[in-house]
Amino acid sequence: MSWRLIIVLLMGLCTACGPVNRASTGPTPDIDIIELSIGQAHQALRSGRISCAQLTRRYLRRIETYDPPTKADAAPIPSASRSPTPANRLNAIIAINPNALARARQLDRQSAETSRMRRLHCIPVILKDNFDTADMPTEAGSLALKGSVPPDDAFLVQRLRAEGAIILAKSNMGEWAFSPYQTISSTHGETRNAYALDRVPAGSSGGTASAIAANLGLIGMGTDTGNSIRGPASHLALVGLRSTLGATSRDGIVPLLANRDVGGPLMRTVTDTAIVYSVLAGHDPADPLTQVAIGRVKPDYRRYLKRDGLQGARLGVLRALVVTETDAAAAAETDIADPEVVARFDQAIEDLRQAGAVILDPFRIPDLERLTDATGFCSRFRYDLNRYLQTLGPNAPIQSLDEVVASNQFLPQSTGAMRWAMAVDTDPHSQQPPCVDVQGDPRRKALLDAVVAAMDRHQIDAIIYPSWSHPPRLIGDSDSPHGNNSPVIAPHTGQPAITVPMGFTESGLPLGLQLLARPFDEHKLFQYAYAYEQATQHRRPPPGFGRLQPEAVVAPR
């Protein structure tokens with residue numbers, strides 16, 4: 001290979017930016033990081049208006065002002081009857097990476113020497129507390145894992161760092177990722193919704209979602225076993241992607257159900273989601289499930305972002321997940337969708353139609369209720385967690401789930417989940433039917449086949465429905481209808497699904513539209529979600545986390 005070809009290839013890896021302009025010196029205007037995008041951040045860095053260290057300090061200052069972490073020692077296990085979090089506190093950020101500023105300065109030196117930046121150069125990341133990090137504890141929201149520092153980074157964290165991202169902080173999560181409805185840990189208490197502090201951010205990635213919505217970071221990372229990326233995205237006016245099962249690695253993520261777990265981005269825009277997903281997706285030799293990704297993921301999902309991307313797209317409206325009063329009277333249904341959600345969803349359908357989509361309303365999947373009831377979330381948490389704990393080595397604070405139960409170090413509301421997990425002590429492959437991936441579980445395979453067959457029959461590109469049929473609940477409310485639609489199809493079938501902002505209730509609570517596609521059709525989801533986002537512009541930041549007073553900025557030399 002010639003030196004000229006090597007240089008061309010190296011330059012091709014730097015897809016985010018051109019040369020860095022280091023000529024400017026002296027005072028410069030303050031950089032507004034409210035709703036800052038990856039492209040805007042790189043433009044400011046390239047032009048010399050701000051350094052990576054200065055940008056990192058701005059996010060750290062916002063965290064210190066709006067959501068400084070409290071000491072874990074001050075957070076006892078909360079009771080089931082009260083919120084442990086003060087009413088005026090977001091409680092999304094639980095720990096700051098002590099190496100963040102040093103990493104930023106290192107990136108400044110690298111860009112000064114090379115005049116180039118990688119795809120995520122200097123972009124601050126908020127990680128859910130179940131992603132392994134060798135330089136910070138990973139506790140999965142559990143006192144039983146308090147202080148546990150893994151020996152290395154999760155594979156997805158390695159990919160982020162390799163592209164120049166800065167791990168800024170860890171976010172609170174639902175203990176062991178159990179609850180889809182709230183984000184409450186035994187280590188740090190309960191996270192609140194950035195748009196209304198008396199409301200939940202959903203679970204279990206609500207800490208990441210509230211932090212990104214409040215502009216405390218730029219990239220958010222969550223995990224989704226049944227809901228936990230798309231649900232919080234809907235409650236916080238974000239874009240959340242659950243990718244095809246096997247498209248991204250599970251290595252180094254504290255598991256809930258390894259045959260359904262997916263890690264992925266929670267972002268403020270579709271464009272930034274596509275940028276980050278392009279970095280994350282692909283084969284990991286440490287995760288055999290990702291072999292299916294070889295040759296099927298795209299190198300750059302930004303190429304599918306087109307304002308006219310909905311022209312001719314065929315979308316099926318899954319009315320079975322949006323039960324109105326009329327439907328309920330006819331079918332004896334009791335879980336009636338909130339009227340405001342129905343109104344916003346109907347408006348979203350009209351907006352999609354106006355943008356060029358062909359709408360099939362209603363779209364029906366034969367025998368859907370029976371097929372989804374049959375899949376279930378089979379129990380393998382005990383098995384998966386014990387295998388994860390082995391990767392921590394001899395210094396792990398616990399060695400098995402049995403120790404967690406014996407110590408009673410878990411939330412009262414986790415009791416049922418613990419009993420469910422402890423009731424099964426067999427290899428998932430030995431269960432009947434086997435508690436494994438889609439192709440190995442006849443129940444999951446039957447549902448996938450039925451969904452894809454219905455899509456094929458009507459030539460549907462994606463299915464649409466509200467992520468939640470009800471707005472975010474009040475903190476402490478576990479009785480009113482939740483309307484969670486995210487677990488119905490995608491976690492069982494392994495199909496990709498994306499949530500994008502659909503608007504707000506009259507009182508200002510966010511609502512989300514979900515699109516579901518065939519396996520490895522993430523490029524279509526990005527295309528449709530981007531066109532819808534650009535046509536509607538629903539995203540707006542929460543009012544309680546505005547711009548801070550400007551600081552004097554000296555341009556980097």
Asker: Ignoring hydrogens and angles, tell me if any N or O in the side chain of Arg250 forms a donor-acceptor pair with the backbone of Ala258 under 3.5 Å.
Answerer: yes
Asker: For the side chain of Asp461 and the backbone of Ala313, is there at least one donor-acceptor N/O pair under 3.5 Å apart?
Answerer: no
Asker: State the CD-NE2 distance between Glu533 and His538, to the nearest 0.5 angstrom.
Answerer: 10.5 Å
Asker: If I take atom CG from residue Asp198 and atom CG from residue Asn88, how far apart are they, to the nearest 0.5 angstrom?
Answerer: 12.5 Å
Asker: Does Leu143 offer a backbone N or O that forms a donor-acceptor pair with the side chain of Ser186 under 3.5 Å?
Answerer: yes
Asker: List the steps, then state whether side chain to side chain contact (heavy atoms under 4.5 Å, CB included) holds for Arg89 with Asp67.
Answerer: CA-CA 7 Å; Arg89 182 169 167 72; Asp67 196 32; 3.8 Å; yes
Asker: Val500 versus Tyr532: any side-chain heavy-atom pair under 4.5 Å?
Answerer: yes
Asker: So, Gln54 versus Arg57: side-chain donor-acceptor pair below 3.5 Å or not?
Answerer: no
Asker: With rounding to the nearest 0.5 Å, note down the distance linking CD1 in Ile167 to CE in Met221.
Answerer: 8.5 Å
Asker: What are the two closest heavy atoms between Ala517 and Gln495, and how far apart are they?
Answerer: O-NE2, 3.0 Å
Asker: To the closest 0.5 Å, what do you measure between CD1 (Ile212) and CG (Leu236)?
Answerer: 10.0 Å
Asker: Using a 3.5 Å distance criterion without hydrogens, assess whether the side chain of Asp129 forms a donor-acceptor pair with backbone atoms of Met173.
Answerer: no
Asker: Where is the tightest heavy-atom contact between Asp153 and Thr133, given as atom of each residue plus distance?
Answerer: OD1-CA, 3.3 Å
Asker: Can you tell if the side chain of Tyr528 reaches within under 4.5 Å of the side chain of Ile498, non-hydrogen atoms only?
Answerer: no
Asker: Quick one: are Asp261 and Ile253 in side-chain contact, heavy atoms under 4.5 Å?
Answerer: no
Asker: Considering all heavy atoms of both residues, which atom of Ser148 and which atom of Pro150 are nearest to each other, and what is their separation?
Answerer: O-CD, 3.6 Å
Asker: Measuring only between side-chain heavy atoms, which start at C-beta, is Ile275 closer than 4.5 Å to Ile123?
Answerer: no
Asker: Please test Thr248 against Tyr277 for side chain to side chain contact (heavy atoms under 4.5 Å, CB included), starting from the C-alpha separation and ending with a verdict.
Answerer: CA-CA 9 Å; Thr248 57; Tyr277 184 66; 3.8 Å; yes
Asker: Quick one: which of Gln158, Arg118, His121, Arg119 gives a side-chain hydrogen bond (donor to acceptor under 3.5 Å, both in side chains) with Glu163?
Answerer: Arg119
Asker: Short question: side chain of Arg199, backbone of Pro472 - any donor-acceptor pair under 3.5 Å?
Answerer: yes
Asker: Determine whether Ile63 and Leu168 satisfy the following criterion, side chain to side chain contact (heavy atoms under 4.5 Å, CB included), listing intermediate values before the conclusion.
Answerer: CA-CA 10 Å; Ile63 292 173; Leu168 189 69; 3.9 Å; yes
Asker: How long is the gap from CZ on Arg58 to CG on Asn215, to the nearest 0.5 Å?
Answerer: 14.0 Å
Asker: Does Tyr66 use its side chain to pair, donor to acceptor, with the backbone of Gly546 at less than 3.5 Å?
Answerer: yes
Asker: Determine whether Ser228 and Lys128 make a side-chain contact, defined as any pair of heavy atoms from C-beta on separated by less than 4.5 Å.
Answerer: yes
Asker: Answer yes or no: is there a side-chain heavy-atom contact under 4.5 Å between Val292 and Thr244?
Answerer: no
Asker: Could you check whether Arg161 pairs with Asp135 (Lys NZ or Arg NE/NH1/NH2 to Asp/Glu carboxylate O, under 4.0 Å)?
Answerer: yes
Asker: Can a donor-acceptor pair be found, under 3.5 Å and without considering hydrogens, that links the side chain of Thr499 to the backbone of Ser234?
Answerer: no
Asker: Is it true that Ser210 and Thr191 share a donor-acceptor pair across their side chains at a distance under 3.5 Å?
Answerer: no
Asker: Between Pro69 and Ile96, what is the shortest heavy-atom contact and its length?
Answerer: CG-CG1, 4.0 Å
Asker: Checking the side chain of Asn91 only, and the main-chain atoms of His188 only, is there a donor and an acceptor separated by less than 3.5 Å?
Answerer: yes
Asker: Is any side-chain heavy atom of Leu45 closer than 4.5 Å to one of Ile50?
Answerer: yes
Asker: Return yes when atom CD of Glu35 has more than 12 non-hydrogen atoms of other residues, nucleotides or ligands closer than 6.0 Å, and no otherwise.
Answerer: yes
Asker: Apply side-chain hydrogen bond (donor to acceptor under 3.5 Å, both in side chains) to Thr138 and Lys170, showing your working.
Answerer: CA-CA 8 Å; Thr138 300; Lys170 285 283 186 81; 3.0 Å; yes
Asker: Hey, could you give me the CD/CD1 distance between Gln43 and Ile38, rounded to the nearest 0.5 Å?
Answerer: 14.0 Å
Asker: Under 3.5 Å, side chain of Glu139 to main-chain N/O of Gly147, donor-acceptor pair present?
Answerer: yes
Asker: Locate the shortest heavy-atom distance separating Leu90 from Ala214; write the atom from each residue and the value.
Answerer: CD2-CB, 4.3 Å
Asker: Can you tell me if Asn172 and Ser185 form a side-chain donor-acceptor pair at under 3.5 Å?
Answerer: yes
Asker: Would you say the side-chain atoms of Ser243 and Glu522 include a donor-acceptor pair closer than 3.5 Å?
Answerer: no
Asker: Taking all non-hydrogen atoms of both residues, which atom of Gln182 and which atom of Val200 are closest, and how far apart?
Answerer: CB-CG1, 4.3 Å
Asker: Is the side chain of Asp132 donor-acceptor paired with the backbone N or O of Pro151 at a distance under 3.5 Å, no angle test?
Answerer: no
Asker: Under the side chain to side chain contact (heavy atoms under 4.5 Å, CB included) criterion, do Leu218 and Tyr59 qualify, and how do the steps go?
Answerer: CA-CA 9 Å; Leu218 215 160; Tyr59 281 100; 3.7 Å; yes
Asker: Taking the side chain as C-beta and beyond, is there a heavy-atom pair between Arg268 and Leu238 under 4.5 Å?
Answerer: yes
Asker: Mark yes when over 12 heavy atoms from residues, nucleotides or ligands other than Arg303 sit less than 6.0 Å from its CZ; otherwise mark no.
Answerer: no
Asker: Could you tell me whether the side chains of Gln514 and Ser486 share a donor-acceptor contact shorter than 3.5 Å?
Answerer: yes
